[in-house]
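Here the structure is laid out as structure tokens; the discussion comes afterwards.
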Amino acid sequence: MTFQEVVFMIEGILQTTGLFSLTWKMAVMWAISGFFLYLAIARKYEPLLLLPIGFGIFLVNFPLVPLMGFSDGKPHLLQVFYSYGLEWELIPCIIFLGLGAMTDFGPLIANPKMLLVGAGAQLGVFVTFTGCVLAGFTLREAASVGIIGGADGPTTIYLTQALAPHLLGANALAAYSYMAMVPLIQPPIMRLMTSDSERKIRMKQLRVVSQAEKILYPIVACGVIAILVPAVIPLMGMFMLGNLMKESGVVKRLSDTAENALMNIVTIFLGVSVGATMEAEKFLSAKPLFIFTLGLLDFAVCTMGGILTVKIMNLFLKEKINPLIGSAGVSAVPMSARVSQAIGLQADRKNYLLMHAIGPNLAGVIGSAAAAGMFIAMFN
Amino acid sequence: MRKVCVITLLFIAITTLAYPSDAFLGVTLIPGATIIHQDNQRLEFNVNTTYDEAVGYYRELFKNSEHVKITDRGSQTYIEDHSNRDWHSVSISKLENGQIKIVILKDNWTWILGTLVLRFLAVFAVLLVLYLAMTLTGVIVSRMVSTHASNR
């Protein structure tokens, strides 16, 4: 073997590594990945999702890695997760099944008026839609970005996959990032929009809800939603099924699996698949930056919408509602309800708002799904 | 003043060049169309083809266009753009006298804001219906529970 042949051989081996195909854009994506890993690990912001998302971003931003795409017609590992989990819209629905099995609708059943707060808190979704159209997004893209303010990850993913799949990574990341930052985003808006006396309003203790009502609720809610917003029934149907399994008490094994093992498995696939959609070439453009900016505005307006709705309701109600629980109308369960409780306690040390805030919180889940259904119906 | 005139003339020349004379906002008119009304927002015209031919013409025209939704409403076909094109909709209607009328509308904010407000109100409506259903169910179940308790 000549020296020249050895050099060619080494060169050939080096060509199969990623060394010569690295780009600056990949390095930027590593930094972004590092940021989300930092948020998840060091700051513990939504670690269940931000950790796999962050690592997914890191994995796919290396040259020649067979993760997203096809070789000889066969899909790569993350492509399989993405295709079956997200393109087929399987994962968001299974997540909703698990969420349903974890949810106690008691506070909402005890005070169903709170459903209206969940509707009012969707204001930002529609305002952001307008902003996106002004910025030159297509209507489908605008709808998928708008839903970020609903603060509901699976709904955001479901709608984005249906209307603008190319924005999936940016939208999901914006939704989960801002959900994690609810304790930072909401308090200044809540203080700005409420007076000291409003923050001190004490609410009557919620009535006890019977088991029969809890069993009937998912059936009634599912029926109403199926008739009025059929487009979103894959999500809400699974949500209500999970809840019925929990409340009926006859399928403990199933509800236990849905809320624990199944939910955990699916969360891993969801996180890593969302991260895998964020390859440098697709992600580093003006649109994702714009999505992040508008997402913040979206969250703020949704918070305002919820508080305003409570204030309007208070004009007609004898027993006043503490407007601080309006901000929990953005779903972000139970983070935004906890924020309402914390701000309420700052104003009055004996005013416990958590259970009251869970009502609008759950209403927000239904409200954002209804808004998503409206958009899907608009385009399909 | 002269500048304004020059700019206006240039604008007219560019828009004329951008769209052929038998098109409105980029939507081609069916040959032989008789224009009934035209302003910068809207074009209405009649065609002397059958309804199916007119619909077929526009279906073919938008066959490869992305984000164009075509809705069949019996005696009217409504074509709507969901991207950033200059036109918003093309509606093809079969009138009672048998004439085929086509209306092309410019992309406009009235539609976007109108549909958004309506959909926002619709979210309220959905949750209001759910509220009423829950209240009703709550009343029924509470009565059943109290009857059951008193029977004991």
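Computation of the quantities below employed the complete heavy-atom set of this structure, encompassing side-chain atoms and omitting hydrogens, waters and symmetry-equivalent molecules. Note on naming: letters A, B, ... go to the chains in the order of the sequence lines (proteins, then strands), and numbering restarts at 1 for each one. The shown structure was predicted, so the numbers you read here are calculated from the model rather than taken from an experiment.
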Heavy-atom pairs under 4.5 Å with chain A: which of B:E80, B:R119, B:K69 has the most?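 Of the candidates given, the most pairs with chain A belong to B:R119.
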[X] [atom1] to [Y] [atom2] distance, which is reported to the nearest 0.5 Å:
X      : Y      : atom1 : atom2 : result
B:M144 : A:E213 : CE    : CD    : 10.5 Å
B:F124 : A:T309 : CZ    : OG1   : 4.5 Å
B:H67  : A:F379 : NE2   : CZ    : 9.5 Å
B:L116 : A:M378 : CG    : CE    : 6.5 Å
A:R207 : B:S142 : CZ    : OG    : 5.0 Å

For B:T71, is it the side chain, the backbone, both or neither that has a heavy atom under 4.5 Å from a heavy atom of chain A? neither
Need one label for B:L113: side chain, backbone, both or neither, based on atoms under 4.5 Å from any heavy atom in chain A. side chain
Answer yes or no: is there a side-chain heavy-atom contact under 4.5 Å between [X] and [Y]?
X      : Y      : result
B:I112 : A:L139 : yes
B:V141 : A:S210 : yes
B:T135 : A:K113 : no
A:M374 : B:V126 : yes
A:V127 : B:F120 : no

Other residues, nucleotides, ligands: >12 heavy atoms within 6.0 Å of B:K94 NZ: no
Taking all atoms of both residues into account, what is the closest heavy-atom pair of B:W109 and A:L134, and its distance?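 For B:W109 versus A:L134, the nearest heavy atoms are CZ2-CD2, 3.3 Å.
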What heavy-atom pair brings A:A363 and B:L127 nearest, and what distance separates the two atoms? O-CD1, 4.2 Å
After noting the C-alpha distance and the side-chain angles of B:M134 and A:L115, does the key distance pass the side chain to side chain contact (heavy atoms under 4.5 Å, CB included) rule? CA-CA 10 Å; B:M134 280 170 68; A:L115 279 165; 3.6 Å; yes
Using non-hydrogen atoms and a 4.5 Å limit, figure out which bit of [X] sits close to chain B: side chain, backbone, both or neither.
X      : answer
A:I109 : both
A:Y217 : side chain
A:T130 : both
A:M114 : neither

If you tally heavy-atom pairs under 4.5 Å against chain B, which of [options] wins?
options                : value
A:G118, A:G120, A:A370 : A:G120
A:V220, A:I225, A:V125 : A:V220
A:V229, A:L123, A:L216 : A:L123

Against B:L130, only a single residue in A:V224, A:L116, A:L108 fulfils side chain to side chain contact (heavy atoms under 4.5 Å, CB included); can you say which?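 Of the listed options, the one satisfying the test is A:V224.
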